[in-house]
Amino acid sequence: MADALISVLLEQLTSVVYEHTKEAVTLVLNAEKDVESFSNKLKAIQAVLEDAEKKQVTEARVGCWLEKLKDVSYEMDDVLDEWSTEILRQQVEEKQEEEAENASVAKKKVCFPIRYDCFCFGQVNKAIHHHNIARRIKELNEKLTLIAAEKEMYGFHQSTKRGPDEQLIQRQKTTSLVDISKIFGREEEKEILLCKLLRESSQEGERFLVIPIVGMGGMGKTTLTQLVYNHEKVTAHFDKKVWVCVSDPFDENKIAKAIIESLDKNETQKSSIELETLLLWIKTHVENKKLLLVLDDVWTEDQTKWENLKLPVIMQSCAEGSTILVTTRKQEVAKMMGATNSMIHLDILNDKDCLALFNSIAFLDREKDESNEFEAIGAEIVKKCKGLPLIVKTLSSLVRYKKTKEEWRDVLNSKIWELEEVEEQVFRPLLLSYYDLAPTVKPCLLYCATFPKDHEFDKNNLLELWMSQGYLSWKKNHEKRRIGLNYFESLVTRSFFQDFVKDYKGNIIGCKMHDIVHDFVQFLTRKECMIAEVVEGANQRIELACDMVRHLTLVTPVGPFAFPTSFNNCKNLRTLTILDSRMTTISPSSILQMKCLRTLNLSGNILKELPRELGELIHLRYMDLSSSKALKELPDAVCDLFNLQTLVLDWCRKLEKLPKAMGKLINLRHLYVGCCNKLKYLPKEIGSLKSLKALDCFYVCDHGDEEGKDEVMKLGDLGIMDQIQGTLWIVRLGNAKDAGEVEKAQLRNKKHLSVLGLDFQNGNEEQRKSDEEILKALQPHQNLESLSIWYCHCTTWSLYRIKSLHNLRRVVLRYWKFCDLLPPLGKLPSLEILEIFSMHNVKKVGVDFLGIEEGIETGGILFPKLKDLQFVDMPNWEEWEGIIKDSFDITIMPLLSSLGIDGCPKLKGLPHLLHKITALRTLTIEDCAILERDYKKGMGKEWPKISHIPDITISGT
Ligand SMILES: *[C@@H]1O[C@H](CO)[C@@H](O)[C@H](O)[C@H]1NC(C)=O
Ligand SMILES: *[C@@H]1O[C@H](CO)[C@@H](O)[C@H](O)[C@H]1NC(C)=O
Ligand SMILES: *[C@@H]1O[C@H](CO)[C@@H](O)[C@H](O)[C@H]1NC(C)=O
């Protein structure tokens with residue numbers, strides 16, 4: 001823990017000394033010396049930290065010493081950050097003065113109005129402030145002297161670890177994903193389970209069965225359950241399957257809602273409805289259906305909670321043979337459900353299966369003969385895993401990157417094994433993996449403790465959070481995102497993360513953390529991270545030592561509520577997350593108590609306004625206000641957050657305007673403003689933010705009715721923002737009239753942009769005649785990988801130079817009102833996914849779609865990489881002509897594996913070309929009356945033409 005913090009701080013110290021002495025901000029003379037002396041002492045301490053971390057488990061006073069060390073380190077971090085912020089403030093001030101001068105040269109003499117009143121220090125104040133910083137540094141330095149002296153009492157050993165960077169680099173080369181799809185052992189349990197699920201007749205006269213799968217964390221309960229849940233026989237046997245992750249706390253409403261959501265995606269709005277109503281809804285929707293309900297990870301033994309859910313009543317109304325599968329760590333849960341008879345106990349894996357699992361990972365990419373040398377040690381390590389598959393997985397991932405036998409033996413003989421405590425019994429192997437992480441990666445892992453169990457991490461979001469806490473290296477010249485990606489990768493390969501979510505390119509974009517790993521990181525951070533539940537009614541008392549809490553997550557099953565003032569004495573908070581916050585107010589005094597905040601998440605709140613005191617949280621780097629339901633504007637003071645890197649505002653449906661002076665946020669890297677329907681425009685100053693890397697949405701303003709024209713960011717202002725990366729949506733493009741202005745946006749120079757969305761809504765009919773011109777002027781860079789075009793009034797395609805986009809992997813077209821021919825896309829060499837929605841005018845899809853210009857082409861492959869093709873909502877589509885005259889020697893869509901047609905009632909048939917596509921595995925037809933009749937499974941007259949496709953779903957049959 002401490003070493004994680006200190007390695008981050010040391011990097012910061014080094015750069016502070018180096019950078020700040022160059023800067024104009026001179027503190028009282030001795031400050032730099034004090035920093036240097038502090039830094040030297042810290043280095044000496046760092047050398048023994050590894051030993052100290054291990055000793056603290058058995059020696060309480062070592063624990064105390066580490067706590068003191070951490071406090072001083074945190075405080076130093078704050079002081080240094082204040083110092084840096086001071087420098088930033090000067091930079092902003094200079095920039096503004098320069099701009100003002102320029103403006104006054106350009107226009108007539110105008111008095112510059114924006115001075116620093118809110119953050120204002122006059123020269124005198126400034127000097128006092130500087131003195132203050134210098135004094136605090138001196139005090140901290142003295143404190144550390146005492147701590148350093150105390151260290152001698154404990155006789156720590158110096159560690160001889162390699163430097164963090166060296167380690168990281170070495171690992172990077174060998175990383176490849178460990179994603180184990182094969183399950184080792186468990187054949188017997190699987191058979192028993194399948195047998196119970198697929199039972200023909202009722203047993204002992206029961207209409208339904210509850211099957212608890214019981215076993216300790218890390219035993220593979222969920223893995224086994226997933227395996228049978230996805231088994232094809234099980235899928236065929238049940239009418240409805242529902243998977244709900246229950247976890248702790250057991251919340252009946254949440255579970256009922258999750259069931260509903262799983263049964264019908266449309267029913268997500270039922271947020272405020274009573275349990276009774278929810279249950280009734282479920283009952284009517286599963287009546288007489290054969291239902292398989294999985295409740296994953298149940299903890300509660302509380303009989304009343306279970307009874308509230310009334311599942312037995314619901315199950316009685318289902319078809320005979322319906323089943324509830326429950327996974328839990330506790331036998332008591334099975335007892336509570338009255339289902340001990342059908343319980344399946346998952347015991348430890350036998351040695352043989354453990355070894356097989358271990359070998360499958362540890363020797364994944366090793367040469368055969370080389371492996372033999374290690375096998376004996378591997379077998380010894382497996383014995384220590386006590387049959388827990390998770391631990392086998394963790395350790396095998398760990399040794400996989402160890403090159404020498406000595407390193408393997410080190411893992412085997414490590415002292416940490418000898419710890420006796422129960423918690424450590426389970427955590428032992430994890431601790432080992434933890435100690436093996438580079439010190440700079442450790443805090444990144446620990447930060448995950450601020451999220452509740454079963455949270456699905458979004459990779460980008462996680463990187464931004466790490467960045468906000470200062471974990472991603474202070475060094476300049478290093479791309480922070482790159483560093484973050486390496487750290488993430490490093491955690492992935494060590495099995496700290498799992499259940500990966502991947503994007504269309506197969507890159508990991510999200511993941512979860514195994515329960516036991518989560519328990520583990522919470523165990524390590526138990527003093528610093530706190531997850532608390534807001535209790536209804538009065539302000540609750542916080543019993544914990546608030547000073548120590550650095551990261552606070554409030555879970556709020558109740559609401560609406562005001563921010564509880566009882567948390568006001570948590571003065572050292574660096575993270576405040578309010579999950580699903582239905583918060584109505586947060587008082588200025590609460591805000592002012594949280595001056596150390598780096599990260600603030602108030603997503604989902606119902607605040608009408610934010611206190612302007614927010615501007616005083618000078619350390620703040622990450623602010624998530626997304627889905628604020630009532631917020632109309634942000635206080636101008638937000639622009640004083642010079643350190644702010646990430647501002648998340650998407651889904652703020654009431655937000656009308658952003659502060660004008662956003663140009664002051666010189667460190668802003670990520671600005672998310674998607675789906676803010678009321679937002680008319682972005683402020684012009686955003687265009688000048690050199691650090692801005694991510695801007696997810698640009699709003700084209702209808703200039704006509706806007707008074708403050710000068711404040712409006714125009715499309716042309718995007719022209720100088722060639723640094724933006726990732727995804728950009730340009731919306732209300734229908735408002736754009738002037739193709740010249742559009743051209744100035746210079747999309748063709750945005751080479752880091754990989755996803756572009758163009759939404760043409762808005763604008764009157766007259767204006768919309770220029771859609772075609774506008775589209776032409778938006779020609780993107782060749783690196784573009786995904787392109788969506790919505791609500792465009794174009795008719796012809798030849799104008800649009802889409803053909804030159806040869807890196808395009810995905811195209812989505814939606815609602816082209818006047819379009820009667822599909823665009824010729826067959827020649828796009830990289831196109832993998834094509835989705836076409838709501839082309840209401842299209843009657844025929846012909847050879848033009850394939851990209852063949854009549855009479856010219858012979859030979860070649862069309863849609864050479866296409867894997868997934870979807871047509872949705874094409875009410876007038878009648879004919880799909882897919883074959884060209886036989887004389888042409890042309891291959892079409894050779895790799896197509898998934899085809900979906902939904903809402904095309906007039907479509908008369910599928911093209912012959914499907915016959916030739918051997919890759920085709922999935923065909924889905926929904927809401928297409930004629931196709932449903934003619935291609936009906938086993939009966940339709942055209943059925944033989946598609947019967948070779950393995951996975952066919954046709955609605956209405
Ligand atoms: C002000 O004008 C100067 C000279 O024209 C130019 O170099 C500078 O970039 C301008 N500064 C700002 C902040 O616009
Ligand atoms: C969900 O809503 C859509 C559009 O509102 C509707 O077409 C569809 O049938 C609904 N699905 C279900 C399962 O009710
Ligand atoms: C912020 O809170 C929302 C829910 O309220 C959650 O979905 C999101 O993941 C949180 N984000 C961060 C960065 O903590």
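For the numbers below, each heavy atom of this structure counts, side chains included, while hydrogens, waters and symmetry mates do not. Order of listing sets the numbers, starting from 1, for every ligand and every atom in it.
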Protein contact of atom 11 (N) of ligand 3 - nearest heavy atom, named by residue and atom, plus distance: Asn601 ND2, 2.8 Å

Numbering the atoms of ligand 3 from 1, which are under 4.0 Å from a heavy atom of [X]?
X      : answer
Phe451 : 14 (O)
Ile578 : 5 (O)
Asp580 : 4 (C), 5 (O)
Asp624 : 1 (C), 11 (N)
Leu579 : 2 (O), 4 (C), 5 (O)
Ser603 : 1 (C), 2 (O), 3 (C), 5 (O)
Tyr622 : 13 (C)
Leu465 : 13 (C)

Hey, would you say the [X] and [Y] ring centroids sit under 6.0 Å apart?
X      : Y      : value
Trp466 : Tyr447 : no
His518 : Phe520 : no
Phe496 : Tyr434 : no

Ligand 3 contact by His455, heavy-atom criterion under 4.0 angstrom: yes

N/O donor-acceptor pair under 3.5 Å between Thr584 side chain and Phe561 backbone: yes

Asn308 and Glu252: side chain donor to acceptor below 3.5 Å: yes

Test salt bridge (Lys or Arg N to Asp or Glu O under 4.0 Å) applied to Lys750 - qualifying residues, sequence neighbours left out: Asp722

Structural part of Asp458 in contact with ligand 3, heavy atom criterion under 4.0 angstrom: neither

Steps toward salt bridge (charged side-chain N to carboxylate O under 4.0 Å, His left out) verdict (Glu835, Arg810): CA-CA 8 Å; Glu835 296 167 36; Arg810 176 173 188 201; 3.1 Å; yes

Atom 7 (O) of ligand 3: any protein heavy atom closer than 4.0 Å: no

Plane angle bin for Tyr672 and His670 - parallel if under 30°, tilted between 30 and 60°, otherwise perpendicular: parallel

